[in-house]
Novice: 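Once you've had a glance at the structure underneath, I'll fire off some questions.
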2 protein chains.
Amino acid sequence: MHQTTIIDIAKALCISKSTVSRALTGHPNVNAKTRDRILDMAAQVDYQRNQLAISLLTNRTSTVGIMVPEFISFFFPKVIIGAQEELARSGYNVVICHSNESYETEVANAKALLASRIDGLIVSHTKETRNFDHFRSFQRKGIPVVFFNRVCEDMDVSKVTVDDYHGAFQAVEHLIQTGRRRIAHLSGPDTLMNSRSRLAGYHDALTKHGLPIAPELIISYDLNLDKANIYVNHLLNLPNPPDALFTINDPTALEALSVAKRRGLCVPDELAIVGFSDDPVSALIEPGLTTVSQPVHELGQQAAQVLLRQLLTEDNTFVAERVVLPTKLIIRGSTVQTSTNSY
Amino acid sequence: MHQTTIIDIAKALCISKSTVSRALTGHPNVNAKTRDRILDMAAQVDYQRNQLAISLLTNRTSTVGIMVPEFISFFFPKVIIGAQEELARSGYNVVICHSNESYETEVANAKALLASRIDGLIVSHTKETRNFDHFRSFQRKGIPVVFFNRVCEDMDVSKVTVDDYHGAFQAVEHLIQTGRRRIAHLSGPDTLMNSRSRLAGYHDALTKHGLPIAPELIISYDLNLDKANIYVNHLLNLPNPPDALFTINDPTALEALSVAKRRGLCVPDELAIVGFSDDPVSALIEPGLTTVSQPVHELGQQAAQVLLRQLLTEDNTFVAERVVLPTKLIIRGSTVQTSTNSY
DNA sequence: GGTTTTATTGGGAACATTCCCAAAATATTG
DNA sequence: CAATATTTTGGGAATGTTCCCAATAAAACC
């Protein structure tokens, strides 16, 4: 099926395509009467410009790609919305790819985005990603890349994260200050920079307060929630079990909470639990989950702003930016006995 | 910055662009030796085909647009994933637009998708949408449209939904069978077809069991969660308050649950609550929320399959399909006293 | 070795648009 | 009214690719 083009309009009105183009793009050098006739005709045939042709000619798509590993959790959608709002303000469209935590899919998505000639890329990589060549392709071709949340250390590109180290440090310090001494950490895979940072925060908080690092209390897992309860049970079955658990994220902490309940453990008295992210669910359940909240929407905004700055720097003078947003410890019933269980 | 083209490769090897094109597209009529040289060179310069040029020429983008009103809740992301899996299998890319429940944004998104020449559209409209002309544009231009979840009655296009009427009917019947007599309904805006269907199911269940329709117990609201508690409180403040509440969706039901708790009402004894959708949170809270679950992932799959069938029917012989997926009532503590509160 | 067949290659149109430059039409000036 | 200035219009190149058709090169046949 043929879609109406400016040539169709030109023929119908017996004028040249140049004039039609001028009228439709709002160029001033066109007679008012002619312009009206053209606009009328365009409306009548429901003309829609062909962005493909324009992008091909101008070598700009006004489209930014956003790649995320998943978007079932609240986190990535909210980041995307933050970024999108910011990008829309500057006239950029967004195409969203989710890799389903699969490296293969991520590489395929990268190729597709490259072929579709996006102007920039905002990305959080999968937990499987060890090789970043598919992202370096963008860099080589002069397409700005901004990493967020899960960033690649080795690439000289802009990165936007929250202060994972400090958030974890605060969380663990809170557990120590409320009297816990055997604090376990259910960590993420070491492919993830934020996972490593949180582990470092955990480590340093213990050390600062003179507590030993117990390797048997540190478990790194692949974020596959189905397996979380296995690891939590393993920890609780230890001869000398932990009195507190700091997890890589809230879903894991919620699993832990459910395991603790199933085992008849009293939370927070027998086991204190702290998550990371402040998932909306964490405030709804009982006891409420103590967690490290991060400015999710702002994360997206900042990533977009950094990218926009780079898109506006046409020459190659742009230097990679590093943005670190603050986290905040939210204390709820999973670490501190609350007088009331109501909301 | 200039990206490598087949012409660059052709010049470098002193051959014609036609031969390069043939080699890269896997056309058989090219000398094996020449092909190897071309593929080597392409790999060396990290050549990426320009999809814009190909799409312009072939008049096909192999891209499907998916428009949703929001994607913070678990529902739409999961539908999108279902659809995307299915579409990827047939070699289609997906571009996702969310309208943030704004009609203006929806129209703007539709224009952008039209300009970017998507091959097909899967859509759930905003709660503000009363005029569907921006979707008729696609139809007129021969671009297949499939509505899901929130469908437009007046358009002759394919539609995929769950059985909202029956789901609501079952939910209300369950409330009646467990002894409730004054059942309130917190409904969605009447712009939404599924909202109207659920209201009809509520209505007919009451009628079937000889219960009166009490207009003061039916409130239609705009799904703005901040206001939900106002309406719930209003209902509970009635001289003759309801003993059960059926809500348009789970987030609303969760708000109601929280209001009931704040008021010191015992759920389910003094107030039974049923939601719709089976949000993951509904199983985690206490009491668990009784709700009507829908096959979310399958909804996306089916929408994609219907669209794919239409995309393969090149002539105009395709007739609109209507798919209705079954719902299932999940009974939890918010309507029936459970012996244990554990998971 | 010449002729026919087959394999391989190159040239150019087409896709829809913008933008530059020249041409034409109109308006302004002396 | 002629000369000049201004407005308005049209023609054509360019964007990167595929595909058709013709041209060339190589192989096969008599």
Side-chain angles (χ1 to χ4, degrees), chain A residues 1-39 41-42 45-63 111-112 114-119 141-142, chain B residues 1-39 41-42 45-63 111-112 114-119 141-142:
Chain A
M1 194 142 172
H2 173 78
Q3 292 206 28
T4 318
T5 70
I6 55 168
I7 298 185
D8 297 326
I9 296 178
K11 275 184 188 152
L13 298 175
C14 294
I15 51 180
S16 76
K17 62 177 168 35
S18 307
T19 305
V20 177
S21 172
R22 271 188 294 264
L24 291 172
T25 51
H27 200 277
N29 284 3
V30 58
N31 185 286
K33 226 164 171 173
T34 318
R35 184 178 52 236
D36 290 349
R37 284 175 59 219
I38 293 171
L39 294 183
M41 177 62 78
V45 299
D46 195 14
Y47 168 80
Q48 290 292 338
R49 72 184 189 289
N50 188 329
Q51 189 59 50
L52 299 170
I54 298 171
S55 294
L56 180 60
L57 188 65
T58 59
N59 202 25
R60 289 188 72 238
T61 52
S62 294
T63 299
K111 286 230 182 309
L114 223 32
S116 70
R117 293 297 191 265
I118 53 167
D119 291 341
K141 294 175 197 302
Chain B
M1 195 139 170
H2 172 78
Q3 291 206 28
T4 318
T5 70
I6 54 168
I7 299 185
D8 297 327
I9 296 179
K11 275 185 187 154
L13 299 175
C14 292
I15 50 178
S16 75
K17 62 178 169 32
S18 307
T19 305
V20 178
S21 172
R22 270 188 295 264
L24 292 173
T25 53
H27 199 280
N29 283 2
V30 58
N31 185 286
K33 225 164 172 175
T34 319
R35 184 178 52 238
D36 289 349
R37 283 175 61 219
I38 292 171
L39 293 182
M41 177 62 77
V45 299
D46 196 14
Y47 169 81
Q48 291 293 336
R49 71 183 190 289
N50 188 331
Q51 189 58 50
L52 299 170
I54 298 171
S55 295
L56 180 60
L57 189 63
T58 59
N59 203 25
R60 287 187 74 239
T61 51
S62 295
T63 300
K111 286 228 184 309
L114 224 32
S116 70
R117 293 297 190 268
I118 54 168
D119 292 341
K141 294 176 197 301

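So that the names make sense, note that chain A is the first sequence line, chain B the second, and so on, each numbered from 1.
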Novice: Would you tell me if any nitrogen or oxygen in the side chain of B/T58 comes within less than 4.0 Å of OP1 or OP2 on D/dT18?
Specialist: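 No.
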Novice: Which distance, rounded to the nearest 0.5 Å, do you find between the CG of B/L24 and the CE of B/M41?
Specialist: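 The CG atom of B/L24 sits 12.0 Å away from the CE atom of B/M41.
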Novice: Take B/N59 and B/N31, find for each the nucleotide of DNA chain C with the closest heavy atom, and name the residue whose nucleotide sits nearer the 5' end.
Specialist: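 Of the two residues, B/N31 wins.
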Novice: Any side-chain N or O of B/S16 below 4.0 angstrom from OP1/OP2 of C/dG10?
Specialist: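 True: B/S16 side-chain N/O within range (under 4.0 Å) of C/dG10 OP1/OP2.
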Novice: So, OP1 or OP2 of C/dT18: does either fall under 4.0 Å of a side-chain N or O from A/S21?
Specialist: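 For C/dT18, OP1/OP2 do have a side-chain N/O of A/S21 under 4.0 Å.
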Novice: Using a 4.0 Å heavy-atom cut-off across all strands, classify A/R49 as base, sugar-phosphate, or nothing.
Specialist: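 Sugar-phosphate: the residue A/R49, judged by heavy atoms under 4.0 Å, touches backbone atoms but no base.
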Novice: Grab the two heavy atoms, one from B/R117 and one from A/R49, that are nearest each other, plus how far apart they are.
Specialist: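 Minimum heavy-atom separation between B/R117 and A/R49: NH1-O, 3.2 Å.
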Novice: Is any side-chain N or O of A/R117 under 3.5 Å from a base N or O of D/dG16, one able to act as donor and the other as acceptor?
Specialist: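 No, no donor-acceptor pair under 3.5 Å.
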Novice: For B/Y47 and D/dT17, is the shortest distance between a side-chain N/O and OP1 or OP2 below 4.0 Å?
Specialist: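 B/Y47 to D/dT17 OP1/OP2: side-chain N or O found under 4.0 Å.
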Novice: Nearest whole angstrom, please: distance from the P of C/dC15 to the CD1 of A/I7.
Specialist: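 Nearest whole value for this atom pair: 8 Å.
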Novice: What integer distance in Å separates A/L52:CG from C/dC15:C1'?
Specialist: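 After rounding, the reported distance stands at 10 Å.
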Novice: In whole angstroms, how far is the P atom of C/dA14 from the CG atom of B/L56?
Specialist: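 About 14 Å, once rounded to whole Å.
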Novice: Out of the candidates B/I9, B/L13, B/N31, B/I38, only one should pair with B/T19 under the side-chain contact (heavy atoms from CB on, under 4.5 Å) rule; please name it.
Specialist: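 Single pass found, and it is B/I38.
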Novice: Nearest 0.5 Å, what's the CD1-CD1 distance between B/I15 and B/I6?
Specialist: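 That separation rounds to 10.0 Å.
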Novice: Quick check: any donor-acceptor pair below 3.5 Å linking the side-chain of A/S18 to the base of D/dG11?
Specialist: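 By the distance-only test, yes, there is a pair.
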Novice: Which part of the nucleic acid does B/S55 contact within heavy-atom distance under 4.0 Å: base, sugar-phosphate only, or nothing?
Specialist: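 No contact.
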Novice: Shortest non-hydrogen contact from A/S116 to A/T61?
Specialist: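 For A/S116 versus A/T61, the nearest heavy atoms are O-CG2, 3.6 Å.
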Novice: How many whole angstroms separate atom NZ of A/K33 from atom P of D/dT7?
Specialist: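 In whole Å, D/dT7 P lies 18 Å from A/K33 NZ.
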Novice: Rounded to the Å, how far apart are B/L24 CG and D/dT18 C1'?
Specialist: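 So the two atoms are 12 Å apart, to the nearest Å.
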Novice: By nearest nucleotide on DNA chain D, pick out whichever of A/V30 and A/K17 is the more 5' one.
Specialist: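 So the residue in question is A/V30.
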Novice: If I take atom CD in residue B/Q3 and atom P in nucleotide D/dG16, what distance separates them, rounded to the nearest angstrom?
Specialist: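 For the pair B/Q3 CD and D/dG16 P, the rounded distance is 9 Å.
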Novice: Quickly work out the B/I38 CD1 to D/dT17 P distance and round it to whole Å.
Specialist: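 Between P of D/dT17 and CD1 of B/I38: 13 Å.
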Novice: Might you point out which heavy atoms bring B/V30 and B/T34 nearest each other, and give the distance in Å?
Specialist: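 In terms of heavy atoms, the two residues are closest at CG2-CB, 4.5 Å.
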Novice: Is B/N50 touching bases, backbone alone, or none of the nucleic acid, heavy atoms closer than 4.0 Å?
Specialist: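 Sugar-phosphate: the residue B/N50, judged by heavy atoms under 4.0 Å, touches backbone atoms but no base.
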Novice: Taking atom P of C/dC15 as reference, at what distance in whole Å does atom NE2 of A/H2 sit?
Specialist: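 Whole-Å distance recorded here is 9 Å.
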Novice: How would you label the contact of A/I54 with the nucleic acid (heavy atoms, under 4.0 Å): base, sugar-phosphate, or nothing?
Specialist: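 It contacts sugar-phosphate atoms only.
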Novice: Give the nucleotide from the list D/dT17, C/dG10, C/dA16 with an atom nearest to the side chain of B/R22.
Specialist: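 Selected nucleotide (nearest to the side chain): C/dG10.
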Novice: By the 4.0 Å heavy-atom rule, please label B/T34 as base, sugar-phosphate, or nothing.
Specialist: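 Sugar-phosphate contact only - B/T34 comes under 4.0 Å of backbone atoms but never of a base.
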